[in-house]
Amino acid sequence: MTVRVRFAPSPTGYLHIGGARTCLYNFLFAKSQGGTLILRVEDTDLDRSSRQFEQAQREDLAWLGITFDEGPEIGGHVGPYRQSERHKIYEEVATQLIANGHAFYCFCREEVLERKKAAALAQNLNPAYDGTCYGLTAEEVQDRLAKGEEGVVRFKVPDKSYILHDLVRHEVVFPAGMVGDFVLLRSNKMPTYNFCCVVDDIKMKITHVIRGEDHLNNTLRQLMIYDALGATPPQFAHASLLIGKDRQKLSKRHGATSVAQYREDGYLPEALLNYLCLLGWSHPAEKDVFTMSEIIPLFGIDRFSKSSPIYDLEKLAYINNQHMRLLSVEELASRYSAFTTTHSMFLESPTDWKHRFLNLFKEKAQTLKDFEMYGTQLLSLELESGEEVDQILAMPTTKSIAQFLVDVLTPVVATIPFVTEAQVGAWMDAMKNTLGVKGKPLFLGGRLALTGQPHGPDLKILSSLTPSKILLERAKKLLQKLNS
RNA sequence: GCUCCCAUCGUCUAGCCCGGUCUAGGACAUCGCCUUUUCACGGCGGUAACAGGGUUUCGAAUCCCCUUGGGAGUACCA
């Protein structure tokens with residue numbers, strides 16, 4: 001039997017980091033088994049769902065590099081893949097369930113139900129539907145419906161216990177009496193989650209359901225429906241849930257939770273995937289930087305962890321940096337070009353400059369956005385302040401270094417937009433010889449004069465990437481400061 | 001309240017199923033040293049955990065029970 005799994009998001013918001021992780025696990029499982037991955041849009045909540053969100057989520061998924069074999073816009077032989085377009089199917093199944101006594105029409109008013117529930121809770125009893133509408137005949141139902149009365153279809157919960165054989169949790173026993181008769185079809189004829197989920201998983205021939213632990217309890221209801229329908233349930237795997245630093249459900253309070261935000265912040269999709277994958281699954285060789293294609297043959301549900309990881313992205317920056325280094329400089333240049341809109345110097349520079357710039361900073365940059373910061377620094381005329389700068393300022397040789405650099409740069413800026421590494425090297429040598437400066441005072445003074453900063457990457461390369469005009473300005477500025 | 005799930009360094013985790021090889025391993029973060037005429041990268045090293053109690057056993061991080069703590073569900077949301 002070929003594996004068929006699905007990712008079933010609700011288009012009620014942007015793609016959430018938790019959803020992306022669930023989707024990734026389904027993707028990896030499908031790929032590792034040579035199976036099929038289906039995208040199913042769960043848009044039965046008409047008020048909260050929108051096509052805009054559906055579209056946005058699909059774009060985020062595409063950015064991540066997760067591809068589907070079947071879905072809306074892709075097609076497939078068990079469609080349609082939007083639940084709102086499948087309501088006929090659900091109605092048919094509901095009718096069938098009513099016919100064989102597994103479901104019934106209910107006309108109880110919401111406020112009456114609320115009151116009964118509150119009363120049960122007050123007595124520490126489990127609130128369950130009390131069976132008021134059990135006795136309604138088919139004629140009575142037709143009659144009330146014809147008169148325009150609003151009714152729902154409820155599932156008649158059997159009084160027995162169920163056992164779930166979960167791939168992650170192993171044997172989970174749900175005792176009888178855990179839930180009351182729940183709604184299958186709302187008064188607007190739209191199905192509820194547990195109902196359409198089961199119907200679709202059967203009709204779409206899903207073999208494995210990999211989802212968050214928040215659905216563990218729902219599985220009981222779903223098991224009951226499979227039972228009533230005489231269908232064999234798929235294999236279930238309930239992965240741990242991502243939680244925030246305060247151990248609460250992940251929300252906006254914990255920082256960026258949408259995939260789109262990470263894209264904007266300059267994270268690489270492969271790094272995000274890598275990090276997300278590690279939150280709840282472990283590499284058999286304990287490797288922690290890897291690509292998805294590399295782990296597909298190793299992926300398995302048996303390495304899922306049961307406990308909920310705290311989503312705290314300490315490690316994401318590290319992984320992102322590692323993935324940026326893994327990229328060829330050509331590839332990095334193309335990614336960064338697509339990313340930045342503000343770093344015009346980069347976009348307008350020749351390829352050679354781009355590559356040298358990226359190579360110089362990629363060891364340190366944690367996100368693509370960091371390159372923008374380095375780009376800004378490259379053109380900054382500001383002289384940094386601080387203790388270390390003061391120390392360099394206090395060196396008696398710094399002034400002559402600044403003077404030397406001003407003298408040597410002034411005649412060339414008009415004709416040479418960028419100096420070479422060799423030129424900078426030659427000037428340093430010249431200063432050593434003519435000024436008699438050497439060692440730390442020379443290098444520190446030179447760095448401050450040329451970059452305005454006490455620290456930074458290789459001075460010669462850095463200088464060769466900086467417009468010579470800027471270099472001169474900085475040297476002049478330092479000289480002025482020392483003269484005043 | 002009731003039901004279900006979970007519990008190893010600050011964080012992600014390995015080990016747990018098939019008790020001894022665990023004075024509990026790795027990674028991130030952190031600290032120190034080396035390297036680098038700066039910073040970073042890199043290398044080396046350090047600090048740091050089996051929630052508590054009890055059972056079984058010659059022996060428990062590993063099996064069982066209880067307690068505690070956390071999470072989820074208890075909707076005409078998904």
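Throughout, protein chains are lettered first and strands after them, A, B, ... in sequence-line order, and every chain is numbered starting at 1. Only a predicted model underlies this, so the values are computations on that prediction, with no experimental measurement involved.
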Query - Gap between atoms NZ and P, on A:Lys306 and B:U8 respectively (whole Å) - result: 12 Å

Query raised in the report: Hey, does A:Ser240 reach any base, or is it just sugar-phosphate, or nothing, if we go heavy atoms under 4.0 Å?
Result: nothing

Requested in this report: To the nearest Å, give me how far apart CG (A:Leu273) and P (B:C12) are.
Outcome: 20 Å

Query raised in the report: Can you check the A:Asp246 CG to B:G69 P distance for me, whole Å?
Result: 18 Å

Report task. In whole angstrom, give me the gap between the C1' atoms of B:G52 and B:G69. Result -> 10 Å

Report summary line: Scoring nucleotides 29-39 of chain B by protein non-hydrogen atoms under 4.0 Å (B base, S sugar-phosphate only, - none) yields S-------BBB

Query raised in the report: Roughly how far apart, to the nearest Å, are B:U3 and B:A60 at atom C1'?
Result: 30 Å

Query raised in the report: Under 4.0 angstrom, heavy atoms only, what part of the nucleic acid is A:Arg221 near: base, sugar-phosphate, or nothing?
Result: sugar-phosphate

Query raised in the report: Should A:Met292 and A:Phe299 count as side-chain neighbours, where that means a heavy-atom distance under 4.5 Å?
Result: no

Query raised in the report: Are A:Tyr25 and A:Phe304 an aromatic pair by the rule of ring centers under 6.0 Å?
Result: yes

Report task. Report which part of the nucleic acid A:Lys249 touches: base, sugar-phosphate, or nothing (heavy-atom distance under 4.0 Å, all strands). Result -> sugar-phosphate

Query raised in the report: What's the verdict on side chain to side chain contact (heavy atoms under 4.5 Å, CB included) for A:Ile202 and A:Val93, showing C-alpha distance, side-chain angles and the deciding distance?
Result: CA-CA 11 Å; A:Ile202 293 172; A:Val93 179; over 6 Å; no

Query - Whole-Å gap separating C1' (B:C17) and CG (A:Asp302) - result: 11 Å

Requested in this report: Could you check whether A:Asn188 gets within reach of a base, just the sugar-phosphate, or nothing at all, counting any heavy atom under 4.0 Å?
Outcome: nothing

Requested in this report: Return the nearest nucleotide to the side chain of A:Thr44; candidates are B:A78, B:C4, B:A72.
Outcome: B:A78

Report summary line: Of A:Leu316 and A:Pro175, the one whose nearest nucleotide on RNA chain B sits closer to the 5' end is A:Pro175

Query raised in the report: Side-chain donor-acceptor pair under 3.5 Å between A:Asn194 and A:Gln222, yes or no?
Result: yes

Query raised in the report: Looking across every strand, which nucleic acid part, if any, lies under 4.0 Å from A:Leu216 by heavy atom: base, sugar-phosphate, or nothing?
Result: sugar-phosphate

Query raised in the report: How would you label the contact of A:Ser187 with the nucleic acid (heavy atoms, under 4.0 Å): base, sugar-phosphate, or nothing?
Result: base

Query raised in the report: What's the closest nucleotide to the A:Leu121 side chain, out of B:A78, B:C5, B:G1?
Result: B:G1

Query raised in the report: In whole angstroms, how far is the P atom of B:U74 from the CG atom of A:Asp130?
Result: 19 Å

Requested in this report: Remember a base hit wins even if backbone is also touched, and classify A:Ser305 as base, sugar-phosphate or nothing at under 4.0 Å, heavy atoms.
Outcome: sugar-phosphate

Query raised in the report: Checking all strands, does A:His238 fall into the base, sugar-phosphate, or nothing category for heavy-atom contacts under 4.0 angstrom?
Result: nothing

Query raised in the report: How is A:Val173 classified with respect to the nucleic acid when contacts are heavy atoms under 4.0 Å: base, sugar-phosphate, or nothing?
Result: sugar-phosphate

Report summary line: pair_partner(B:U30), Watson-Crick or wobble, both distances < 3.5 Å, evaluates to B:G46

Report summary line: Ordered by number, residues from residues 176-185 of chain A within less than 4.0 Å of RNA chain B (heavy atoms) are A:Met178, A:Val183

Query raised in the report: Roughly how far, to the nearest 0.5 Å, is CD of A:Glu140 from SG of A:Cys133?
Result: 10.0 Å

Protein and nucleotides 44-48 of chain B: nitrogen or oxygen contacts under 3.5 angstrom:
none

Requested in this report: Measure from OH on A:Tyr129 to C1' on B:U74 and round the result to the nearest Å.
Outcome: 18 Å

Query raised in the report: Would you say a side-chain N or O of A:Ser282 is under 4.0 Å from OP1 or OP2 of B:A14?
Result: yes

Query raised in the report: Counting only distance, no hydrogens or angles, is the base of B:A72 paired donor-acceptor with the side chain of A:Asn217 under 3.5 Å?
Result: yes

Query raised in the report: Does B:U23 pair with anything, Watson-Crick or G-U wobble, both distances under 3.5 Å, and if so, with which nucleotide?
Result: none

Query - Assigned partner base of B:G1, Watson-Crick or wobble definition, under 3.5 Å - result: B:U74

Query - A:His323-A:Tyr275 aromatic ring centre distance below 6.0 Å - result: no

Report task. Counting Watson-Crick and G-U wobble pairs only, both distances under 3.5 Å, name the nucleotide matched with B:C39, or none. Result -> none

**Report entry** A:Gln83: side chain to side chain donor-acceptor pair (under 3.5 Å) partners, not counting sequence neighbours
**Finding:** A:Glu42, A:Asp200

Requested in this report: State whether A:Arg325 places a side-chain N or O below 4.0 Å from either non-bridging phosphate oxygen (OP1 or OP2) of B:G42.
Outcome: yes

Report task. With C1' as the reference atom in both, quote the distance from B:A49 to B:C28 in angstrom, rounded to an integer. Result -> 16 Å

Query raised in the report: Would you say the side chains of A:Asp43 and A:Ser84 form a donor-acceptor pair under 3.5 Å?
Result: yes

Report task. Could you tell me whether the side chains of A:Arg303 and A:Ser282 share a donor-acceptor contact shorter than 3.5 Å? Result -> yes

Show which side-chain atoms of residues 147-158 of chain A pair as donor or acceptor with protein atoms under 3.5 Å away, not counting sequence neighbours.
from     : atom 1 : to       : atom 2 : distance (Å)
A:Glu149 : OE1    : A:Arg144 : NE     : 3.0
A:Glu149 : OE2    : A:Arg144 : NE     : 3.3
A:Glu149 : OE2    : A:Arg144 : NH2    : 2.8
A:Arg154 : NH1    : A:Asp181 : O      : 3.0

Report task. Classify the side chain of A:Asp214 and the base of B:A78 as holding, or not holding, a donor-acceptor pair under 3.5 Å. Result -> no

Query raised in the report: Between A:Phe104 and A:Tyr134, does the ring centroid distance fall short of 6.0 Å?
Result: yes

Query - Distance-only donor-acceptor test, A:Gln248 side-chain atoms vs B:G70 base atoms, 3.5 Å - result: no

Query raised in the report: Under 6.0 Å between ring centres, would you say that holds for A:Phe371 and A:Phe361?
Result: no

Query raised in the report: What nucleotide, of B:A72, B:C4, B:A14, holds the atom closest to the side chain of A:Glu286?
Result: B:A14

Query raised in the report: What residues, two or more places apart in sequence or in another chain, satisfy side chain to side chain donor-acceptor pair (under 3.5 Å) together with A:Lys399?
Result: A:Asn483

Query raised in the report: For B:G70, does OP1 or OP2 lie under 4.0 Å from any side-chain N or O of A:Ser308?
Result: no

Query - B:G45 to B:G26 separation - P atoms, rounded to the nearest Å - result: 10 Å

Query raised in the report: Would you say the side chain of A:Tyr262 lies within less than 4.5 Å of the side chain of A:Val259, judging by non-hydrogen atoms?
Result: no

**Report entry** Distance, C1' atom - from B:C63 to B:C17, rounded to whole angstrom
**Finding:** 10 Å

Query raised in the report: Which value, in whole Å, describes the distance between the C1' atoms of nucleotides B:U56 and B:C64?
Result: 7 Å

Report summary line: In whole angstroms, the gap separating P of B:G26 from CG of A:Asp288 amounts to 13 Å

Report task. Just say parallel, tilted or perpendicular for the rings of A:Phe236 and A:His238, cut-offs at 30° and 60°. Result -> parallel

Requested in this report: Would you please indicate yes or no on a ring centroid separation below 6.0 angstrom for A:Phe174 and A:Tyr162?
Outcome: no

Query raised in the report: When we call it a touch if two heavy atoms are under 4.0 Å apart, what does A:Arg109 touch: a base, just sugar-phosphate, or nothing?
Result: nothing

Query - B:U13 phosphate, OP1 or OP2, under 4.0 Å from A:Lys315 side-chain N/O - result: no

Report summary line: A:Tyr275 OH to B:U11 C1', in whole Å, measures 8 Å

Query raised in the report: Which residue lies toward the 5' end of RNA chain B, A:Glu110 or A:Pro309, if each is placed at its nearest nucleotide?
Result: A:Pro309

